[in-house]
Amino acid sequence: MNDVKLESILAKFDLKIAQLNALNYASSMMFWDASTGAPKSGVEARSRAVGVLSGFYHSISTDCEFKEILDQLELHKADLSQEQNALRKHFQKEYNKISKIPAAEYEAFQSHISTSAMVWEQAKENANFEQFKPYLETTIETLKKFASYRGYEGHPYNLYIDDFEPGMTVSQLNQFFETLKSRLVPLLNQIRAKQKPDKGFLKQSYAIGKQKEIAEMLLDCIGFDRQRGMFEESVHPFTMGVAIDDVRLTSHYYEKDLLSAMLSSVHEGGHGIYEQNVDHKLSGTPLATGASNGFHESQSRIYENNFFKSDAFMAFLFPILQEKYPENLESITYETFFKAVNCVEPSLIRIEADELTYALHILVRYELELGLISGTQSVAELPKAWYDKMEQYLGVVPMNHSEGVLQDVHWSEALFGYFPTYALGSAYAAQLCYYMKKEINVDQQLRKGDFGPLTKWLNEKVHQYGALYEPTELIEKITGETLNVNYYCDYLEQKYKKLYDL
Ligand code: ZN
C-alpha cells in the first residue's frame, strides 16, 4: 500500500475513534448528572437517550466499514506506530467480542441483563434467592454459550477474566488464590485469637462540613488536581475520567463515621490521579485510561492502603484530625487511633471489609464463579457453597441471603471475571510499593505528608502509559518481573504481625 492510501485509512480510523469518543463522552455526562443530583423523575427520558447512544456506539464499532478499516490496518501493522497498533488491537478485540455472537442473541442477552439487575435488587431487598435464581441460571448458560461462539483457549472463564484483565488466565489465577489462601487464612486465624482494638470512637459524631474540608485537603495532598476535575457527592463513591483534563470524583459522608469519607476520597483520588496523568498523546482514545481494571485498582489501593493507612502517614494526619475534632480525639492516643484504623474484623459485607479480610472475600467469589462457569457449581447450591466458604475462610456466616450470596451487584449484570481484579489490584500495589521503596524513602515522605515524589514515581512508571501496554507487560516493564503475589502476602504479614504482636 502506498503512503497516501494508508494515510487515508488512518484518517478514517481517527474519525471513527472521534465519533465513538463523543458518544462515550455524552453517555458519561448523563451518568455523572444522574449520580450527582439530576431529578429522579428524569430517569425514563435519560434511559431512552442512553439506549439510543449505545445503539449508535454498537453500530459504528461493528459495521463493515469499520471492519474494513481494521483489516487494512492489520495488513500494514508494521507501518503503524505503537499507539496506532494498540488502538487497532483494542477495537479488533471489541469487534471480535460482539461480532461472533448472533445479533439477536446478543440483544436478547442485553435485555435479560437489565431485567436480571432489577430482579436482583428486589431479591436482595427481600433476601429471597429463589426469586433471582432463574435469572442467574440463564446468565450462566448464556455466558457458556457465548464462550463457545467466541472461542477460547483452555478454559471458558479465560475469556471473561481477559475482558477485565487482558492476558490473565485461570491457571495463573488459581495459583494466585491458592497462595493467598494458604498464607492469609492462617494469619487471620492468629489475629482472631488476639484482643480486638477499641474503635468505638471512630463512630461518634463528626461534623460533615469538617469531613469535607479534610477530604479536599487529602486530595490536594496526594496530588489530585482539582483544577482539572470535580469533586462532588453521590450515594456510592466513584471516579469518572471524562477526559485527561476533566476527571471527576465523588465521595459520600456519614456523620457517624470518621474514616469512611477519608478512605473513599483517597481511593477515588488514586483512580483520578491515574486518569489525569495519562500522556496527552493518547487523549480522546480508549487508551486514555488504566492498563486494566486490576491496574486501575492498584492505584486507588496504593493510596488508600499502602500510603494512607501506613504508620508514617497516620502519624502525620492524627494531630490534624485532633485539632479538627478535639471533642472526639483529644483523649485518644496515637497508638489507639492507628490500631483502630487498621483493625482486622471478619465481617459479612465485602465493601465494608478491612484490608486483610477483603482479599478473602474475593477468594470466596472467585472460587464460586469459576465453579459456575466450569459447571462444577450449580446455581441452586450457590447459597450453601457461599455459607460454607465464608465459614471456612473468614469464620463468619450470613444469617440471610442479603448479607450473603445476594450482596453484590456483579453477577446480576453478568460481570463474571470482574471480582479477581480487586485482589489483583492490591497485589500490583504491593509489588509496585516494594520497588518504589528501593528508590524513594516512602515512609520519610509520608511522615511529612509529602506525596510529591511518590505520585511522580507512579506518574512516570504507570500513569503516563494509559492502556498502551497490557498489565502483564507493564508490571514486568516497571519491576523486571511478572506479577508475584508473595509481595502482597509479605506486606500483609509484616503489617499485621507488627500490629497484633504475633
Ligand atoms: Zn476502586
Side-chain angles (χ1 to χ4, degrees), residues 28 31-32 35-36 161 163-166 168 215 218-219 222-224 229-242 247-254 257 259-278 288-309 349-363 365-366 407-411 413 415-433 451 454-455 458-459 462-463 466-467 471 474-475 483 488 491-492:
S28 300
F31 182 77
W32 173 262
S35 311
T36 55
I161 175 73
D163 286 345
F164 300 103
E165 200 64 22
M168 187 55 64
L218 286 169
L219 285 179
I222 65 175
F224 177 75
M230 285 174 89
F231 183 47
E232 299 272 328
E233 266 185 79
S234 66
V235 180
H236 303 289
F238 69 95
T239 301
M240 174 176 275
V242 183
V247 178
R248 305 176 182 200
L249 317 177
T250 68
S251 190
H252 190 86
Y253 304 91
Y254 299 91
D257 193 333
L259 281 182
S260 177
M262 283 199 277
L263 292 174
S264 66
S265 304
V266 171
H267 179 101
E268 301 308 330
H271 283 303
I273 289 171
Y274 199 167
E275 294 281 324
Q276 280 186 330
N277 290 286
V278 172
T289 186
S292 64
N293 280 52
F295 242 96
H296 228 306
E297 205 57 23
S298 79
Q299 297 308 290
S300 52
R301 280 160 199 252
I302 204 167
Y303 283 96
E304 180 190 355
N305 294 331
N306 307 66
F307 298 160
F308 180 86
K309 288 182 184 165
I349 307 296
R350 173 183 61 87
I351 57 168
E352 293 165 8
D354 57 78
E355 204 181 336
L356 174 63
T357 58
Y358 193 93
L360 301 174
H361 281 274
I362 301 304
L363 169 68
R365 286 152 181 79
Y366 170 68
Q407 70 180 265
D408 297 303
V409 69
H410 304 60
W411 291 341
E413 294 180 354
L415 295 174
F416 281 71
Y418 196 114
F419 280 126
T421 67
Y422 292 125
L424 292 171
S426 297
Y428 286 129
Q431 189 164 334
L432 290 170
C433 215
F451 283 75
L454 283 51
T455 296
L458 293 168
N459 288 164
V462 181
H463 307 154
L474 188 56
I475 193 72
L483 178 65
Y488 180 34
Y491 156 74
L492 290 172

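Please read all numbers here as calculations on a predicted model, not as lab measurements. Indexing begins at 1, ligand by ligand and atom by atom, following the structure's order.
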Exercise. Can you name the N, O or S atom of H271 that is closest to the Zn ion (ligand 1)?
Worked result: NE2
Problem set entry | Output field: ring centroids F164/Y418 closer than 6.0 Å | yes
Problem set entry | Candidate pair F451 and I273, rule side chain to side chain contact (heavy atoms under 4.5 Å, CB included), full reasoning | CA-CA 12 Å; F451 283 75; I273 289 171; over 6 Å; no
Exercise. Does any N, O or S atom in E297 come within less than 2.8 Å of the Zn ion (ligand 1)?
Worked result: yes
For this session: Have a look at H267 and say which of its N, O or S atoms is nearest the Zn ion (ligand 1).
Result: NE2
Exercise. Can you say whether the rings of H267 and H271 are parallel (under 30°), tilted (30 to 60°) or perpendicular (over 60°)?
Worked result: perpendicular
For this session: Kindly assign one of parallel, tilted or perpendicular to the pair F307 and Y303, based on the angle between their ring planes and the thresholds 30° and 60°.
Result: perpendicular
For this session: May I ask you to check whether H296 brings an N, O or S atom to under 2.8 Å from the Zn ion (ligand 1)?
Result: no
